[in-house]
Amino acid sequence: MLDIYLPILIVIGIAFAFAIVSVSLSRLIGVKKPSAVKLAPYECGMPIIGSAQERFSIKFYIIAMLFILFDIEAVFLYPWAVMFKRLGIFGFMEMGVFIIILLVGFIYVWKKGALEWE
Amino acid sequence: MVMTPEVLTLSETPWLFTGVMLGKIIVAFVGTLLIVAYATYAERKIIGRMQTRMGPNMTGPKGLLQPIADGLKLFFKEDIIPSQAHYLAFILAPMMILAPAFISIAVIPFGGDLHFTYDGTLYEVPLQITDLNIGVLFIVAMAGLGVYGIVLAGLASNSKYSLLGGIRSTAQMISYELAAGLSIVAIFMLSETLSMRGIVQAQQLPIWGIESLSFLPNWYIFTQPLAFGLFVIGSMAEINRTPFDLPEAETELVSGFCTEYSAMKYALFFMAEYANMITVSAIAATLFLGGWGGPFFGWINFLIKVFAFMFFFIWIRATFPRLRYDQLMFLGWKVLLPLSLANIVITGIAILLW
């Protein structure tokens with residue numbers, strides 16, 4: 001177990017160490033001449049209008065919810081695909097029913113226009 | 001006398017195991033960093049040539065020192081943190097994007113087995129940092145983690161362009177992650193394993209189990225052409241390459257989620273982009289093009305395939321205009337997703353009837 005996962009832990013450590021070291025080194029070395037205008041959020045040189053914490057389109061939430069549904073399907077499909085040849089026709093039928101149930105929902109969402117972007 | 005090679009284990013040969021493991025990690029990491037640096041050079045040079053320009057040619061012979069000059073320049077630039085930004089999240093975001101991109105290389109097999117004799121025993125070292133039995137799942141998980149960095153960058157900057165870029169990018173990445181993730185399910189139905197190494201070995205068997213056809217490579221690109229197309233398009237969108245670079249759409253969103261970033265933090269975003277490009281090319285080469293299999297020595301075959309994919313991605317960037325957002329969502333949800341589900345069903349029926 002450790003034989004397989006120890007290298008991954010080391011790689012995770014190295015990847016984060018590399019990111020942290022390069023960011024903090026450049027922060028130490030770089031020039032520092034802050035001014036109020038420089039630290040303002042970029043808005044094409046115009047004075048800032050309102051806050052950036054605005055509301056955004058509801059469509060993105062629908063996409064996120066649909067993603068969770070289909071990602072769960074993908075999670076079930078991965079182990080099923082590995083065992084597919086051993087499960088045979090029974091496994092195929094079982095997963096077929098599962099996919100059809102999800103597809104009905106997908107077609108409903110499609111017909112309702114949740115995937116339309118005007 | 002023929003010796004059967006032994007596999008290094010932590011319990012029996014701790015020092016040798018640790019040494020070999022660290023060696024492989026250093027080679028893979030330094031190799032990736034070098035390819036990342038020179039991918040930026042190659043991209044500028046190739047796109048320059050495709051647009052009948054010279055590309056970088058002043059820094060060093062033929063401009064070969066350009067990536068180093070760029071890196072040093074960004075290193076010494078002023079590191080600006082906007083006054084309205086969330087301090088910790090703003091600093092964390094580029095790291096959250098870069099780290100998963102580099103972690104994915106841990107499970108990619110970049111060559112066949114290496115044999116060496118130490119203290120009278122023959123050892124076998126697979127050229128792969130670690131052969132995880134859920135390798136592909138691990139890579140998909142890491143690709144999913146990359147989304148957090150972009151959301152964080154968009155929200156933490158507290159700028160309208162960043163927010164729009166971040167939200168758009170999230171929707172795009174999760175949509176195409178789905179299509180890319182589902183398209184490769186058909187591969188596992190054929191290979192019956194999730195280990196990257198196992199998938200490469202499955203592609204070294206004769207095509208369709210017919211011995212007389214063993215001169216043909218049994219690469220999954222031939223048995224699964226649709227899955228290959230879906231995976232390449234899906235992953236191109238997932239790593240935000242042109243024509244799917246809407247999160248950074250320069251003409252409308254300034255620079256998307258990295259608008260407020262400067263200095264090394266900005267460089268990390270770009271290193272992550274190129275590292276992701278390498279990872280995606282490596283996965284495509286492993287899953288569909290037989291990994292290290294081919295006419296030359298193991299890892300050379302693999303590098304040729306990876307570079308071919310990267311050239312293809314750069315070529316696409318020079319050729320296609322950017323999609324509109326509604327076209328992007330149409331393609332992801334109404335074309336790629338149904339097609340990848342259909343591909344799974346068709347593959348299932350084909351395997352059952354065979």
Side-chain angles (χ1 to χ4, degrees), chain A residues 2-8 10-12 14-16 18-20 22-23 25-27 29-34 36 38-44 51-54 56 59-60 63-64 66-67 70-71 73-74 77-78 81-85 88-89 92 95-96 99 103 106 110 115-118, chain B residues 9-10 17 21 25 29 74-80 82-84 91 94-95 98-99 102-103 105-106 129-132 137 157-163 167 170-171 174-175 178 181-182 185 188-189 192-194 254 259-260 263-265 268 325-326 329 333-334 337 341 344-345 348 351-352:
Chain A
L2 196 62
D3 282 16
I4 294 168
Y5 285 95
L6 183 68
I8 287 191
I10 294 175
V11 170
I12 292 175
I14 291 178
F16 273 103
F18 175 78
I20 291 167
S22 56
V23 164
L25 260 186
S26 104
R27 201 158 168 70
I29 294 171
V31 216
K32 276 183 213 68
K33 282 184 192 161
K38 197 188 272 178
L39 294 182
Y42 181 77
E43 229 161 85
C44 302
S51 159
Q53 307 291 339
E54 289 273 352
F56 46 83
K59 301 266 181 194
F60 291 110
I63 293 292
L66 277 177
F67 165 73
F70 278 92
D71 216 32
E73 181 180 5
L77 275 173
Y78 273 49
V82 174
M83 297 297 290
F84 180 74
K85 283 181 188 167
I89 191 96
F92 183 71
M95 196 44 87
I99 290 180
L103 266 186
F106 184 63
W110 189 326
L115 301 173
E116 308 292 334
W117 295 73
E118 288 94 24
Chain B
T9 51
L10 189 60
F17 176 84
M21 178 185 73
I25 291 174
F29 209 76
L74 283 167
F75 215 80
F76 287 101
K77 282 285 172 184
E78 181 172 358
D79 192 14
I80 301 169
S83 49
Q84 294 192 12
I91 295 177
M95 300 176 188
L98 184 80
F102 275 116
I103 294 168
I105 61 167
I129 292 179
T130 177
D131 184 19
L132 212 57
L137 202 61
S157 302
N158 216 341
S159 151
K160 286 173 193 119
Y161 293 113
S162 303
L163 181 75
I167 301 279
T170 316
I174 60 178
S175 305
L178 219 52
L182 285 176
V185 168
F188 313 139
M189 292 163 79
E192 291 184 88
T193 175
L194 282 173
V254 185
T259 304
E260 300 291 341
M264 209 55 201
K265 292 213 268 305
L268 288 196
Y325 202 74
D326 59 324
M329 283 306 180
W333 285 96
K334 295 187 180 174
L337 189 65
L341 281 176
I344 294 171
V345 175
I351 290 175
L352 285 178

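Computed from a prediction, not measured in an experiment: that's the story for all the values here.
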Item to check | Interatomic spacing from CD1 in Ile29(A) to CG in Asp79(B) - rounded to 0.5 Å | outcome: 11.5 Å

Checklist entry - Do the non-hydrogen side-chain atoms of Glu73(A) and Leu341(B) ever get within less than 4.5 Å of each other? => result yes

Item to check | Check: Phe106(A) and Trp333(B) side chains under 4.5 Å, non-hydrogen atoms | outcome: yes

Item to check | Part of Tyr325(B) within contact of chain A (heavy atom distance under 4.5 Å) | outcome: side chain

Next on the checklist: Could you work out, with side chain to side chain contact (heavy atoms under 4.5 Å, CB included) as the rule, every residue matching Ala19(A), not counting sequence neighbours?
Outcome noted: Met95(B), Leu98(B), Leu268(B)

Checklist entry - How far does CE of Met83(A) sit from CE of Met189(B), to the nearest 0.5 angstrom? => result 13.0 Å

Item to check | Top of Val185(B), Leu132(B), Ile80(B), Ile129(B) for chain A proximity - count of heavy-atom pairs under 4.5 angstrom | outcome: Leu132(B)

Item to check | Test item: Phe60(A) and Ile174(B) side chains (from C-beta on) under 4.5 Å apart, heavy atoms | outcome: no

Item to check | Exercise: identify the closest heavy-atom pair between Pro7(A) and Ile25(B) | outcome: O-CD1, 4.0 Å

Next on the checklist: Any heavy-atom pair between the side chains of Leu178(B) and Asp71(A) that's under 4.5 Å?
Outcome noted: yes

Checklist entry - Donor-acceptor pair, Tyr78(A) side chain versus Gly181(B) backbone, under 3.5 Å? => result yes

Next on the checklist: For chain A, which candidate among Ile91(B), Leu337(B), Thr170(B) shows the most heavy-atom pairs at distances under 4.5 Å?
Outcome noted: Leu337(B)

Item to check | Met264(B) side chain reached by Leu25(A) side chain, heavy atoms, under 4.5 Å | outcome: no

Next on the checklist: Can you list everything that forms a ring-ring contact (aromatic ring centres under 6.0 Å, His included) with Phe92(A)? Sequence neighbours excluded, please.
Outcome noted: none

Checklist entry - Which heavy-atom pair separates Leu77(A) from Leu182(B) by the least distance, and what is that distance? => result CD1-CD2, 3.4 Å

Next on the checklist: Let's test your reading of the structure: which of Gly88(A), Ala64(A), Ala15(A), Ala74(A) forms the most heavy-atom pairs below 4.5 Å with chain B?
Outcome noted: Ala15(A)

Next on the checklist: Could you tell me if the side chain of Tyr5(A) sits less than 4.5 Å from the side chain of Thr130(B), heavy atoms only?
Outcome noted: no

Next on the checklist: Taking the side chain as everything from C-beta on, heavy atoms only, tell me whether Phe102(B) gets closer than 4.5 Å to Val11(A).
Outcome noted: no

